[in-house]
Amino acid sequence: MPRGSRNGDTVSMREATKDGTLGRLLKFVVKDRKAIIALILFFIVCAAVSNVTSGMFIQIIISNVITPALEDHDITPYISNLVRTCCVVGALYLLGIGGTIGYTQLVAIHAQRIMADIRRTLFGKMETLPIKFFDSNSHGDIMSYYTNDIDAMYQFLGQSLVQFCSVGLTLIFCVCMMIWNSIWLALVIALGAAIEIIFSTRMTRANRRAYQHQQTAIADTEGFVEEMMTGLKVVKVFTHEKKSLEDFDEKNQNLNKYMRRATIIGNTMMPVLNNLGNLMYVIVAAVAVVLFIFDVPNVSLQSIALIWNHNSLEPMSLAVIISFLMYSRQFFVNFGNLSNQFSQSARALAGARRVLNVLDLCGEEDNGYVTLVNATKDENGNIIETEERTHMWAWKHPHKDGSITYTELKGDILLDHVDFGYVPEKTVLHDVEIYAHPGQKIAFVGATGAGKTTITNLINRFYDIQDGKIRYDGININKIKKDSLRKSLAVVLQDTNLFTGTVRENIRYGRLDATDEEVEEAAKIANAYDFITRLPQGFDTMLTTDGGNLSQGQRQLISIARAACADAPVIILDEATSSIDTRTEAIVQRGIDQLMAGRTVFVIAHRLSTVQNADAIMVLDHGRIIERGNHQQLIEKKGMYYQLYTGAFELE
């Protein structure tokens, strides 16, 4: 698991700012989008200004229309002022509507583009990560990056971030207008805001803790459900349905408890904040009435000019009180929304931290400089590079002096005193020596965990050795670029992986530039052509759910055809027939035999009948080669292989 938060964790805004999560997330937002961001901010400002104009225009109408009309007992002279003011208000509200529509539409569009950018960056990063990452992280956890975490980030970028800007600007404008109208009443508002800040901070912390427990319980419950559904046949075979239901009930009740607690806290926060706002509204109104009744001079930014000019301060007016009450209402409503957004952003920032932690992981190191190229020979027998596919390959080896040499790819592989451990403190391969000459078939046998698959992983450079050398056609494989190395190797695994697509596309996955004729020829080599042509649409038959509409043997034949399509000089067969029945194995084995012709082959097998014709058989035990030789030689030694072959000792 990468360092950082797990699915159930939440991150406060302060933590996200401190550890750089928020800043890095915002870099995705502004990346090549500065003009769009500026336009969005302009629309947000327009909407925020429109939101706070109502109080100002109410004050103008009361001061310039209603009050003088009441004093004169005649509204006729003031109708023009009323109409003019209403027109200005209407125009500003239209501006606010336009601004709101503008920024919401732009944010909706560009938030999706940002998410697409993040998903692409994440997927591209994962493709560079070493196999160790996928061995140590479950499939479900890896998928959660693209689902839960990305979705949480979208909620933050598409909603919370915009709300922070919009609500924040509205609060700033409200504060400015309140100070402009009355500093006395603004101080009352400041006291109420301080109380709400203390309350919302504590509630946010409690909500975050409750949410952590809730998300952990969700992950536990979902993991249990996934495990039970995957192993449902086992549950039914052993009639453990009742026990499974009891275990689920326990986890479900635990989840219910934490969700109930998180819901109670979450549903308490906003009503309390709203009612605190209502209470402060009443208090502000009471204080304003007292100031109005006793003709207390009103200190405001407007009055500073009067003081400067040695004029006396005017008392609190009805127009100021009414407009101020409107500002206070807006202030506390928006303050509550802002507090809620801080609470909601915790999960989003946790998801962002998890994604960014993956992006921080080191990809596979590849310091190789020897590449694989198509080659041919001139009239003098010298190897030359060519763009055309010639079915001949060569290692292109640049040297420090600027010269380039070409070595024909033959498939000669040497493991020279190799030691390896998945972790430094535990060695799983000890002093392994293997010689595979071009065209030879090398077999590995031994109990589970003996190190057979590990050896093939080292040849692929999925892992790097700790000591010794691995040479390919005399070249240290550390000097060969990994993509070139892996292009020269074709692998057939015990667990076939077929992708959603046609049979033709799955075979062509071995070499994407293969023609239809080459795909069909690969199917013939793999002994798969006959059954494919009998499928409903032949090679164009659609495969889904990992080829679930095919038998295990058919799926394996397509996997072999894919390896044949790659046309690599070295083949690795990792228990390719261990999961199929004996009759199907005979069919698959014929395909494998045709695939192996003329190639260097490494075979891992539990069924010793499949390795009897190997040129050399390596018997492994706890990471050491304890016997080597061909079938006849090992039978004559009457050692471990003899015991395995005669049934005196069985593979585990």
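Quick caveat: nothing in here was measured; it's all calculated off a predicted structure.
- The shortest side-chain heavy-atom distance between Leu458 and Ile470 falls under the 4.5 Å cut-off.
- More than 12 heavy atoms of other shown residues, nucleotides or ligands fall within 6.0 angstrom of atom CD in Glu425.
- Asp416 has no carboxylate O lying under 4.0 Å from a charged side-chain N of Arg471, or vice versa, which leaves the two without a salt bridge.
- Few gaps surround NZ on Lys482; more than 12 heavy atoms of other groups in view lie less than 6.0 Å from it.
- Other residues, nucleotides and ligands contribute over 12 non-hydrogen atoms within 6.0 Å of the CD atom of Glu636.
- Panel note: side chain Thr502, backbone Met542; no donor-acceptor pair is recorded below 3.5 Å.
- Between the side chain of Asn476 and the backbone N or O of Lys479, no donor-acceptor pair lies under 3.5 Å.
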Asp419 and His417: side-chain contact (heavy atoms from CB on, under 4.5 Å), yes or no, with the steps?
CA-CA 7 Å; Asp419 293 336; His417 299 286; over 6 Å; no

Dump the intermediate steps for side-chain contact (heavy atoms from CB on, under 4.5 Å) on Lys481 and Asp366, then the final yes or no.
CA-CA 6 Å; Lys481 290 188 72 66; Asp366 189 1; 4.1 Å; yes

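- Atom CG in Asp567 sits 8.0 Å away from atom CD in Glu518 (nearest 0.5 Å).
- Put simply, NZ on Lys487 and CH2 on Trp393 are 11.5 Å apart, with the number rounded to the nearest 0.5 Å.
- The main-chain N or O of Phe499 is found under 3.5 Å from a side-chain atom of Asn506 such that the two form a donor-acceptor pair.
- Between Asp247 and Lys243 there is a salt bridge, since a side-chain N of the basic residue sits under 4.0 Å from a carboxylate O of the acidic one.
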Check against side-chain contact (heavy atoms from CB on, under 4.5 Å), Arg24 and Asp360
CA-CA 11 Å; Arg24 294 182 61 190; Asp360 287 339; 2.8 Å; yes

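- With contacts defined as side-chain heavy-atom distances shorter than 4.5 Å, the pair Ile384/Tyr406 does not qualify.
- Contact check on Asp516 versus Arg508 returns a salt bridge, with a Lys/Arg side-chain nitrogen under 4.0 Å from an Asp/Glu carboxylate oxygen.
- Between the Thr646 side chain and the Tyr642 main chain, a donor and an acceptor come within less than 3.5 Å of each other.
- Judged purely by atom type and a 3.5 angstrom limit, Thr128 has no side-chain atom pairing as donor or acceptor with the backbone of Gly363.
- One finds no salt bridge joining Glu627 and Lys637 here, because no Lys/Arg side-chain nitrogen approaches an Asp/Glu carboxylate oxygen to under 4.0 Å.
- Residue His622 places its NE2 atom among 12 or fewer non-hydrogen atoms of other residues, nucleotides or ligands, all under 6.0 Å distant.
- Relative to the ring axis of Tyr145, Arg354 places its NZ or CZ within 45° and under 6.0 Å from the centre.
- Counting all heavy atoms, side chain and backbone alike, Val570 lies closest to Gly411 at CG2-CA, 3.8 Å.
- Contact check for Ile532 versus Ile507: side-chain heavy atoms found under the 4.5 Å cut-off.
- What you find for Val603 and Val601 is that their closest heavy atoms are CG2-CG1, 3.5 Å.
- Between the side chain of Gln612 and the main chain of His631, no donor-acceptor pair closer than 3.5 Å is present.
- The CD1 atom of Ile635 lies 8.0 Å from the CD1 atom of Ile617; values are rounded to the nearest 0.5 Å.
- Residue-environment remark: CD (Glu365) stays at or below the threshold of 12 foreign heavy atoms within 6.0 Å.
- Counted within 6.0 Å of OH on Tyr509, heavy atoms from surrounding residues, nucleotides or ligands total 12 or fewer; the atom is thus considered open.
- Ile571 places a side-chain heavy atom less than 4.5 Å from the side chain of Leu573.
- Taking the side chain as every heavy atom from C-beta outward, Ile558 and Leu543 approach each other to under 4.5 Å.
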Walk me through it: do Asp540 and Arg504 pass the test salt bridge (Lys or Arg N to Asp or Glu O under 4.0 Å)?
CA-CA 6 Å; Asp540 296 318; Arg504 190 185 307 277; 3.5 Å; yes

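- Checking side-chain atoms of Asp473 against main-chain N and O of Lys410 turns up a donor-acceptor pair under 3.5 Å.
- A distance of 4.0 Å separates CD1 of Ile480 from CH2 of Trp395, quoted to the nearest 0.5 Å.
- The closest donor-acceptor contact from the side chain of Arg511 to the backbone of Cys565 lies under 3.5 Å.
- Between Lys132 and Asp464 there is no salt bridge, since no side-chain nitrogen of the basic residue lies less than 4.0 Å from a carboxylate oxygen of the acidic one.
- Here the straight-line distance linking atom CD1 of Ile475 with atom CG of Leu414 works out to 13.0 Å at 0.5 Å rounding.
- When side chains are defined from C-beta on, Ile455 does not count as touching Phe420, because their heavy atoms never get closer than 4.5 Å.
- Of all non-hydrogen atoms in Ser488 and Ala568, the two that sit nearest each other are O-CB, 3.4 Å.
- For the pair Phe539/Thr533, a side-chain contact is recorded, criterion being any heavy-atom separation below 4.5 Å from C-beta on.
- Listed by chain and residue number, nothing satisfies the salt bridge (Lys or Arg N to Asp or Glu O under 4.0 Å) test with Arg562 (two or more places apart in sequence, or in another chain).
- Using modelled atom types, one finds no donor on one side chain facing an acceptor on the other under 3.5 Å when comparing His397 with Thr407.
- Dense packing is recorded around OH of Tyr422, with more than 12 heavy atoms of other residues, nucleotides or ligands lying under 6.0 Å away.
- Take Arg534 and apply the side chain to side chain contact (heavy atoms under 4.5 Å, CB included) test, not counting sequence neighbours, and it matches Asp530, Phe531.
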Without placing hydrogens or testing angles, list every side-chain donor-acceptor pair under 3.5 Å for residues 367-380, not counting sequence neighbours.
residue	atom	partner	partner atom	Å
Asp378	OD1	Asn380	N	3.0
Asp378	OD1	Gly381	N	3.0
Asp378	OD1	Asn382	N	2.8

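- Across all their heavy atoms, Thr427 and Leu429 have their closest contact at CG2-O, 3.0 Å.
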Can you list the steps and then say if Thr456 with Leu489 is a side-chain contact (heavy atoms from CB on, under 4.5 Å)?
CA-CA 10 Å; Thr456 60; Leu489 305 168; over 6 Å; no

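- Between Ile625 and Ile434, some side-chain heavy-atom pair lies under the 4.5 Å cut-off.
- Residues Arg628 and Glu433 are not paired through a salt bridge, judged by the lack of any N-O separation under 4.0 Å between the basic side chain and the carboxylate.
- The two atoms that bring Ser559 and Val492 nearest to each other are OG-CG1, 3.9 Å, heavy atoms only.
- Residue Glu250 qualifies as open at atom CD: its count of foreign heavy atoms under 6.0 Å is 12 or below.
- In summary, the side chains of Tyr463 and Thr454 do not present any donor paired with an acceptor at a separation below 3.5 Å, with no hydrogens or angles considered.
- Between Arg461 and Glu364, the shortest heavy-atom contact is O-OE2, 3.7 Å.
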